[in-house]
J.: 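I have a structure here, written as structure tokens, and I will follow up with some questions on it.
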Amino acid sequence: MAAVRVEEVLAAAEEQEAEKRRSVVVEKELELEFDLGNLLALDRNPPPAAGLRGAGPQREAQLLALARDNTQLLVAQLWELPAERAGGAGGPLVARLPEPTFRLPREKPPPRPKPPTRWEQFARLKGIRRRKRTSLVWDEQAKEWRRRWGYRRAGGDPARAWLAEVPAGADPEEDQFARLRREKRERVARNELNRLRNLARAHRAGTVVPAAPLHPTGHQSKEELSHVARVARVSTASLGRFQPRLPKESAEPPSRSGGRKRRFEPLLGNLAAERSRQLELLKNMSSKKPVLDITRAVNKQLRQEEAEAAAAKGKKQSQRGKRGRRQQRTGRSSKKSAARRQQQRPGGGSTGGSKRKKA
């Protein structure tokens, strides 16, 4: 067995220590830009062009080395942040990330603005501006601050008061408490009906397919032209089944929804929203009350109102027709009675004939 010299062992240990130090220390010509709030590192240094040409193991090794160096610099920046132990002295070491500075793009497009309600349209027309009021007001009767609306509001509910004032001109025998309760139910029903009407208007406004904008210069892209052609085709009653087709157009007629029948949520989404959606589904399944379909309820209410209006209009027309026939019958009966009275006279003729005889 050959003897191992101490100098060789020390040289090997120093070489290993230098290798470890080289794996931690990374040198860059331009410093990286860090966004620790998003765990993001931006490298402005140009990559070596010779190692990235073509596709092969050399290019993969160069990319892995570049990613490793940038990750090392990012981790070094994270270790410089203030850290603390989570869950006590024996817990893991965590760092407090600063606020992000780089704005990341949205995963989904921004929501479309909702159509204004009838009150919003009226307020815009009249120039009414919304003023923020406090939710608490001073109650003179209770001598304390109470809510402006809702349970235990200031002034109390007039329908639950122990004393009700009889308005001028009202029936003194009428139950004023019952009248107040009836008016409250009517207000609640009216507000609910207006809410359902607003939902129906928003639903109808959301189903309209907007026309695609075209540039006036004539430089339209392929996507814009295809979208406009699809909208023009499905605008017919047959959804474009009998329209002439372009040379390279698909034989299957397009649909109004753009061919997308189902929309699935992303696999990596908001866990809180997914949990709330599942809990709502379980709640609807376990509840004994039926689920209210707002669209169906609104359509049913609108059909009922239209039917009542048509019935009232038809009733008025029938009454007008009966009045006209009654007048015709009374006119005919009066003429017949006058002719009978003339026949029953002693002369047996008309007044004009008697005058001619006297002459």
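The figures here come from the full heavy-atom set of this structure, side chains too, leaving out hydrogens, waters and symmetry mates. The shown structure was predicted, so the numbers you read here are calculated from the model rather than taken from an experiment.
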J.: V75 and L81: same hydrophobic cluster, using ILVMFWY side-chain contacts below 4.5 Å?
T.: no
J.: Atom CG in L196, atom NZ in K300: separation rounded to 0.5 Å?
T.: 13.0 Å
J.: Restricting to pairs with a member in residues 126-146, which pass ring pair (Phe, Tyr, Trp, His ring centres under 6.0 Å), not counting sequence neighbours?
T.: W138-W145
J.: Would you say NZ of K114 has more than 12 non-hydrogen atoms from neighbouring residues, nucleotides or ligands within 6.0 angstrom?
T.: no
J.: Looking at every heavy atom in both D35 and T101, which two are closest together, and how far apart are they?
T.: OD1-N, 3.1 Å
J.: As an exercise, state the distance from OG1 of T117 to CZ of R197, rounded to the nearest 0.5 Å.
T.: 13.5 Å
J.: In this structure, which one of R303, Q301, R296 forms a side-chain contact (heavy atoms from CB on, under 4.5 Å) with N299?
T.: R303
J.: Going by heavy atoms in the side chains, are L74 and L36 under 4.5 Å from each other?
T.: yes
J.: Is N38 reaching over with its side chain to a backbone N or O of L104, donor-acceptor style, under 3.5 angstrom?
T.: no
J.: With the threshold set at 4.0 Å, does a side-chain nitrogen-carboxylate oxygen contact exist between R146 and E144?
T.: yes
J.: A side-chain contact here means heavy atoms from C-beta on lying under 4.5 Å apart; do E305 and L193 qualify?
T.: yes
J.: Do D139 and R153 sit within salt-bridge range, that is, some charged N less than 4.0 Å from a carboxylate O?
T.: no
J.: Do M285 and L281 make a side-chain contact, defined as non-hydrogen atoms from C-beta onward lying under 4.5 Å apart?
T.: yes
J.: Should the heavy atoms of other residues, nucleotides or ligands under 6.0 Å from CH2 of W149 be counted, would the total exceed 12?
T.: yes
J.: Taking atom CD of E165 as the centre, does the number of heavy atoms from other residues, nucleotides or ligands within less than 6.0 Å exceed 12?
T.: no
J.: So for atom CD, which belongs to E140, do other residues, nucleotides or ligands contribute more than 12 heavy atoms lying within a distance under 6.0 Å?
T.: yes
J.: State, with a plain yes or no, whether a side-chain heavy atom of V166 is found less than 4.5 Å away from one of Q176.
T.: yes
J.: Regarding E120 and R124, does a basic nitrogen lie under 4.0 Å from an acidic carboxylate oxygen?
T.: no
J.: Is the number of heavy atoms from other residues, nucleotides or ligands under 6.0 Å of R118 CZ greater than 12?
T.: no
J.: What's the verdict on salt bridge (charged side-chain N to carboxylate O under 4.0 Å, His left out) for E186 and R181, showing C-alpha distance, side-chain angles and the deciding distance?
T.: CA-CA 9 Å; E186 291 177 356; R181 289 192 295 269; over 6 Å; no
J.: Got a donor-acceptor contact below 3.5 angstrom from the R148 side chain to the T134 backbone?
T.: yes
J.: With a 6.0 Å cut-off (strictly less than), is the heavy-atom count around CD of E29, excluding the residue itself, greater than 12?
T.: no
J.: For R106, I'd like to know if atom CZ has over 12 heavy atoms of other residues, nucleotides or ligands within 6.0 Å.
T.: yes
J.: Does L39 belong to the same Ile/Leu/Val/Met/Phe/Trp/Tyr cluster as V26, with side-chain heavy atoms less than 4.5 Å apart forming each link?
T.: yes
J.: Checking I128 against F122 for the side-chain contact (heavy atoms from CB on, under 4.5 Å) test, could you report, in this order, the C-alpha distance in whole Å, the side-chain angles of both residues, the deciding distance, and whether it holds?
T.: CA-CA 8 Å; I128 302 175; F122 176 78; 4.0 Å; yes
J.: Return the minimal non-hydrogen interatomic distance between A95 and L78, and the atom names on each side.
T.: CB-O, 4.3 Å
J.: Report yes if some heavy atom in the side chain of F34 is under 4.5 Å from a heavy atom in the side chain of L42; otherwise report no.
T.: no
J.: In plain terms, say whether E308 and K313 are close enough for a salt bridge, that is, a side-chain N and a carboxylate O under 4.0 Å apart.
T.: no
J.: Give the minimum heavy-atom separation between Q121 and P116, together with the two atoms involved.
T.: NE2-O, 3.6 Å
J.: Distance from R130 atom CZ to W119 atom CH2, nearest 0.5 Å?
T.: 11.0 Å
J.: Got a salt bridge between R277 and E274, using NZ or NE/NH1/NH2 to carboxylate O under 4.0 Å?
T.: yes
J.: Taking only residues two or more places apart in sequence or in another chain, which ones pass salt bridge (Lys or Arg N to Asp or Glu O under 4.0 Å) with R147?
T.: none
J.: Salt bridge or not for R195 and E192, using N-O below 4.0 Å?
T.: yes
J.: Between L93 and W79, what is the shortest heavy-atom contact and its length?
T.: CD2-CZ3, 3.9 Å
J.: Test of understanding: clusters of I, L, V, M, F, W, Y form through side-chain heavy atoms closer than 4.5 Å, transitively. Do L73 and F102 belong to the same one?
T.: no
J.: Evaluate the salt bridge (charged side-chain N to carboxylate O under 4.0 Å, His left out) criterion for residues D43 and K28: first the C-alpha distance (whole Å), next the side-chain angles of each, then the deciding distance (0.1 Å), finally the verdict.
T.: CA-CA 9 Å; D43 189 2; K28 293 281 187 176; 3.4 Å; yes
J.: Strictly by modelled atom types, are Q62 and Q58 linked by a side-chain donor-acceptor pair under 3.5 Å?
T.: no
J.: When you compare the side chains of N194 and N191, does any donor N or O come within less than 3.5 Å of an acceptor on the partner?
T.: no
